[in-house]
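Only heavy atoms go into these numbers, but all of them, side chains included; no hydrogens, no water, no symmetry mates. Order of the sequence lines fixes the chain letters, A, B, ..., with proteins taken first and strands second; residue numbering starts at 1 for each chain.
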There are 2 protein chains.
Amino acid sequence: MAPTSETLTAERILEATEEVLRRHGPAKATVVDVARALGVSHGSVYRHFRTKAALREAVTKRWLDRTSGQLSGIVAADRVPEDRLREWLAALFAAKRRKAGEDPELFATYTVLTDENGTAVSEHITDLETQLTRIIQAGVETGDFAATDPEASARAVFQATGRFHDPCYAREWEEPGTEADFAAVVDLLVQGLRRTP
Amino acid sequence: MAPTSETLTAERILEATEEVLRRHGPAKATVVDVARALGVSHGSVYRHFRTKAALREAVTKRWLDRTSGQLSGIVAADRVPEDRLREWLAALFAAKRRKAGEDPELFATYTVLTDENGTAVSEHITDLETQLTRIIQAGVETGDFAATDPEASARAVFQATGRFHDPCYAREWEEPGTEADFAAVVDLLVQGLRRTP
DNA sequence: CGACTGACAGATATTGAAATCTGTCAGCTG
DNA sequence: CAGCTGACAGATTTCAATATCTGTCAGTCG
């Protein structure tokens with residue numbers, strides 16, 4: 001975190017902002033703090049981001065994109081679609097639960113950020129639903145799934161599993177029985193997707 | 001709201017409290033306000049409810065019980081289990097959405113109350129899940145549903161439809177496409193419950 | 001005697017003055 | 001001249017003094 005004399009870039013500002021958010025939390029993280037962490041005046045930060053809100057939104061996007069990236073590998077995996085679907089949902093749940101459990105304060109920070117950036121979140125959700133659509137589409141092609149509208153089914157699966165990935169349920173993810181609940185919901189949804197012979 | 005000279009009863013206090021909450025909102029509703037509305041000293045209120053928290057919890061319970069009561073009729077209806085299930089879920093969604101849409105401030109007030117009364121909410125959810133269990137159990141008996149554990153299936157159905165009854169999603173209930181999303185999730189779940197011939 | 005009151009101590013909320021922050025921009029600097 | 005600085009106006013937040021509230025209880029009243 002030394003105020004190196006490298007040129008000031010959007011990337012460096014975003015890294016410093018994440019650090020300041022980690023240290024001070026979402027309420028007390030100011031752009032003056034970010035500038036101080038970089039050893040520049042806060043005016044320089046405004047050269048790269050028009051407003052504080054824009055800066056926070058960029059940080060939010062980065063964070064959400066990292067999550068999407070982690071899951072995209074599973075979509076392309078060489079497995080039966082049903083297994084890919086189960087694995088994808090399990091990975092989404094596991095990733096969220098790990099983040100919430102390991103560093104609750106940081107998770108709370110990002111929850112605040114996502115709450116104030118509806119647009120970035122919508123794009124992220126669209127992204128995840130697209131990944132799900134691909135898996136279900138693959139299942140339709142192999143004949144394992146019977147979905148007349150894979151996109152709508154993907155949306156339904158995503159919404160129906162909200163309890164296991166939406167941050168508003170984070171405090172319940174460590175309660176006993178959650179694993180079983182997750183399995184029951186996924187089983188029900190997979191059963192609903194299957195082609196009925 | 002005249003300070004009648006009827007005897008002071010828990011029931012009257014609860015009614016006055018609801019009125020004060022409606023008027024002032026959850027943050028500014030004090031037990032002094034409640035006492036003033038009843039024309040008594042606040043000490044008298046403490047004769048019926050040990051703490052302010054207990055009073056608020058009692059109000060919350062009343063409100064939640066009214067919702068449960070509205071749905072219980074559907075459970076006993078004389079219909080095919082699948083239709084009863086669909087109707088019950090639709091009624092739950094409709095009731096929540098109507099409350100949130102008609103008087104958003106009052107709905108927000110009760111959302112705050114439920115947030116601070118985890119116990120009352122848990123009991124309410126157990127109650128609703130029991131109603132769902134009965135419907136699914138009936139479906140198993142008629143052979144329409146294939147559930148090895150109706151209680152677990154009921155829990156899964158309730159959790160999977162959270163997006164359409166959990167207050168944390170209230171602001172999204174009026175967005176276009178919500179009806180279709182609801183239908184898609186319910187169809188998927190019902191399909192998952194059906195006995196596969 | 002049992003239901004109610006009102007004064008009280010400690011906890012919580014409100015308020016307004018002072019401090020800090022956001023966003024701009026004229027001017028400095030390499 | 002492109003990138004940065006720092007002073008500035010208006011908006012927002014902080015903080016401490018002040019007011020209100022919660023919960024108790026000795027005492028009043030019918």
Please state whether the phosphate of C:dT5, meaning OP1 or OP2, lies under 4.0 angstrom from any side-chain nitrogen or oxygen of B:S44.
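Affirmative; the distance criterion is met.
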
Using a cut-off of less than 4.0 Å, is there contact between a side-chain N or O of B:S41 and OP1 or OP2 of C:dT5?
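Yes, because at least one side-chain N or O of B:S41 sits under 4.0 Å from OP1 or OP2 of C:dT5.
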
Using the rule given for salt bridge (charged side-chain N to carboxylate O under 4.0 Å, His left out), can you reason through B:E82 versus B:R86, listing the C-alpha separation, both sets of side-chain angles and the distance that settles it, and then say yes or no?
CA-CA 6 Å; B:E82 183 180 313; B:R86 289 178 182 275; 3.3 Å; yes

Stepwise salt bridge (charged side-chain N to carboxylate O under 4.0 Å, His left out) check, A:E57 with A:K61:
CA-CA 6 Å; A:E57 187 181 354; A:K61 273 211 173 78; 3.4 Å; yes

Separation of atom CG in B:L38 from atom C1' in C:dA3, rounded to whole Å:
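Rounding to the nearest Å, CG of B:L38 and C1' of C:dA3 are 15 Å apart.
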
Please determine whether salt bridge (charged side-chain N to carboxylate O under 4.0 Å, His left out) holds for the pair A:D78 and A:R84, giving the CA-CA distance in whole Å, both sets of side-chain angles, and the decisive distance to 0.1 Å.
CA-CA 8 Å; A:D78 186 22; A:R84 251 187 290 169; over 6 Å; no

Decide whether B:R134 and B:Q131 meet the rule of one side-chain donor and one side-chain acceptor closer than 3.5 Å.
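Side-chain D/A pair, B:R134 to B:Q131: absent.
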
For the residue pair A:T30 / A:D33, report whether a side-chain donor-acceptor contact shorter than 3.5 Å exists.
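Yes, side-chain donor-acceptor contact under 3.5 Å.
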
Tell me whether the count of non-hydrogen atoms from other residues, nucleotides or ligands lying under 6.0 Å of CZ in B:R171 goes above 12.
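Counting neighbours around CZ of B:R171, 12 or fewer heavy atoms of other residues, nucleotides or ligands fall under 6.0 Å, so no.
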
Flag if over 12 foreign heavy atoms under 6.0 Å of CD, B:E105:
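Open: at most 12 neighbouring heavy atoms sit under 6.0 Å from CD of B:E105.
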
Whether each nucleotide of nucleotides 9-30 of chain C has a protein heavy atom under 4.0 Å at its base (B), only at its sugar-phosphate (S) or at neither (-) is summarised, 5' to 3', as ------------SBBB------

How far apart are the closest heavy atoms of A:R50 and A:A54, and which atoms are they?
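For A:R50 versus A:A54, the nearest heavy atoms are N-CB, 4.4 Å.
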
Hey, what are the protein-to-nucleotides 16-18 of chain D N/O distances that come in under 3.5 Å?
none

